[in-house]
Amino acid sequence: MLSKKEIFETIDMVEKEHLDVRTVTMGISLIPCIRESAHKTAAACYDRICSYAERIVEVAEDLEKEYGIPIVNKRVSVTPASLLTANFAGEEVVLARKLDEAAKTVGVDFLGGYSALVQKGMTSFERSFIESIPEALATTDRVCSSVNIGSSKAGINLDAAALMGRIVKATAERTRNTDGFGCAKLVVFCNAVEDNPFMAGAFHGVGEAEKVVNVGVSGPGVVHHALKNNPDADIAEIAEIIKKTAFKITRAGQLIATEASRRLGAEFGIVDLSLAPTPVMGDSVAHILEEIGLERVGTHGTTACLALLNDAVKKGGVMASSKVGGLSGAFIPVSEDYGMIEGARCGELTLNKLEAMTAVCSVGIDMVAIPGDTPDSTIAAIIADEAAIGMINNKTTAVRVIPVPDKNVGDFVEFGGLLGRAPVMAVQRASAEKFIRRGGKIPAPIHSNKN
Amino acid sequence: MKAVVTVIGKDKPGIIAAVSALLAENAVNIEDISQTILSGNFTMLMYTDISKSALPLAALGDALKTLGEKIGVSIHVQHEDIFNAMHKI
């Protein structure tokens with residue numbers, strides 16, 4: 001029998017501490033939709049998405065009511081689109097627009113997978129595809145794009161990093177009337193994962209099944225609250241509290257994932273054990289770090305606290321779920337986290353500190369606004385630095401920066417909703433132009449040779 | 001199939017009567033009930049059997065929510081599995 005305490009603990013987590021399932025994402029393989037023309041392929045993709053994901057919103061809403069756990073986002077991820085458009089280079093945007101239409105028809109807020117994987121080399125159709133990204137993001141609302149430019153096994157494709165520096169900048173330009181919002185839908189990865197349910201980096205890998213449900217949990221507010229109740233705990237006890245809390249959060253995600261996949265007739269993919277913040281007060285990863293004992297996120301000690309948090313979340317979560325995957329860790333998107341916004345605004349949290357933090361948490365330089373006049377090569381170099389951290393440490397890293405047109409350090413940019421608001425942060429002034437212009441590949445690290 | 005009904009709000013006469021009437025109308029059996037009043041705040045937990053419920057669980061939740069709004073308390077119904085998942089290994 002359940003105790004009263006347990007029942008009210010769950011209810012308080014939802015009502016007061018922002019416990020939710022952040023996303024139920026259906027991964028759909030679109031390989032069978034490849035036809036002889038762009039329009040026919042796009043139409044086949046549209047039909048398949050609309051038929052497979054037809055009930056995703058309805059099922060998620062039912063589950064939300066039955067279990068009393070809010071499910072914030074319903075999403076779809078698809079096969080990397082560059083593989084679908086290989087035969088009609090130059091017409092890729094036809095597919096992007098149809099994917100956008102499909103997302104609107106089934107009622108999901110984002111669709112991920114306008115993606116290319118070029119970590120070891122780039123074909124001519126992939127280059128053409130990547131060139132289409134700015135227009136695709138500027139002329140669609142819900143399509144998200146990602147490009148993988150490095151891996152621990154393949155090294156870093158510096159040519160692709162250079163290209164993406166230019167593409168990020170071009171995307172900002174093409175969406176200049178919304179402060180470069182297109183860049184919020186574009187992620188550059190190293191070691192991208194094939195089953196990530198979170199946007200903007202979700203895509204449905206070619207090694208995946210036909211129709212899969214992946215679930216991303218959340219709950220920074222719940223962890224923060226648990227720590228607040230134990231103000232005098234020593235650091236090992238802090239790790240224990242986080243572990244236990246992560247266990248409970250993940251179990252909720254596991255239950256939703258099992259039921260959602262059953263009702264949608266899809267395979268249960270993975271539960272992504274991520275602490276994903278939102279810009280509202282009380283749902284911040286930065287505030288957890290501050291609760292551990294930092295006056296302000298970004299100060300000395302931030303990396304150590306984040307490492308502890310990230311590891312404890314994984315330890316608790318792994319025991320709670322039968323299938324763990326995705327990115328799984330703590331997210332540190334600046335514009336989406338109330339505490340990070342404050343840290344950046346008052347200058348304590350810098351881009352350099354964020355880079356260090358990405359070495360110990362799940363993703364990378366995420367949702368960071370930078371000056372609009374940042375050179376392409378500097379953005380490419382930020383991408384290369386992040387990719388190097390991912391490559392050497394065998395982990396996923398990513399860059400999602402927004403070079404906000406006509407804005408400078410100290411200005412604020414509003415993205416609205418879950419994407420939040422961000423102060424424009426300073427980048428280093430010295431040039432990396434020559435390094436980026438060298439091109440070619442950074443060889444894979446020695447520890448990739450495990451065979 | 002079991003579900004937990006929770007009622008939280010300001011105490012006044014007739015809360016239990018109204019909630020149990022709605023459950024009875026829909027063939028939901030109350031198996032256990034506990035209630036406390038803490039500084040004027042009414043808190044009630046009902047452990048119910050919904051296997052013969054006339055309404056699917058989501059619709060029952062909507063009906064209870066509407067009732068709660070009418071009588072000025074917050075009412076939730078949740079499948080027991082969510083609590084078992086989070087609190088039992």
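So that the names make sense, note that chain A is the first sequence line, chain B the second, and so on, each numbered from 1.
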Please look at A/Leu255 and chain B and tell me whether the side chain, the backbone, both or neither of the residue comes under 4.5 angstrom of a heavy atom of that chain. side chain
Identify which part of A/Glu15 has an atom lying under 4.5 Å from any heavy atom of chain B, answering side chain, backbone, both or neither.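 Only the side chain of A/Glu15 comes within 4.5 Å of chain B.
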In the structure I gave you, are the side-chain heavy atoms of [X] and [Y] within less than 4.5 Å of one another anywhere?
| X | Y | result |
| --- | --- | --- |
| A/Leu2 | B/Lys88 | yes |
| A/Ile7 | B/Tyr47 | no |
| A/Met13 | B/Met86 | yes |

[atom1]/[X] to [atom2]/[Y] distance, rounded to the nearest 0.5 angstrom?
| X | Y | atom1 | atom2 | value |
| --- | --- | --- | --- | --- |
| A/Glu259 | B/Asp81 | CD | CG | 7.5 Å |
| B/Thr6 | A/Phe8 | OG1 | CZ | 6.0 Å |
| A/Ile11 | B/Thr43 | CD1 | OG1 | 10.0 Å |
| B/Leu60 | A/Glu66 | CG | CD | 10.5 Å |
| A/Ile69 | B/His79 | CD1 | NE2 | 13.5 Å |

Take atom [atom1] of [X] as the centre, draw a 6.0 Å sphere, and report whether it contains more than 12 heavy atoms from other residues, nucleotides or ligands.
| X | atom1 | value |
| --- | --- | --- |
| A/Lys16 | NZ | no |
| A/Lys244 | NZ | no |
| A/Lys104 | NZ | yes |

Between B/Glu80, B/Lys2, B/Lys65, B/Gln78, which residue shows the highest count of heavy-atom pairs closer than 4.5 Å to chain A?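 Result: the option with the highest number of such pairs is B/Gln78.
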Shorter than 4.5 Å, heavy atoms on both sides: which option in A/Glu6, A/Lys248, A/Lys65 has the most such pairs with chain B?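 Highest number of pairs under 4.5 Å: A/Glu6.
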Grab the two heavy atoms, one from A/Tyr67 and one from B/Ile82, that are nearest each other, plus how far apart they are. O-CG2, 3.6 Å
Considering only heavy atoms, which portion of B/Asp62 lies under 4.5 Å from any heavy atom of chain A: side chain, backbone, both, or neither? side chain
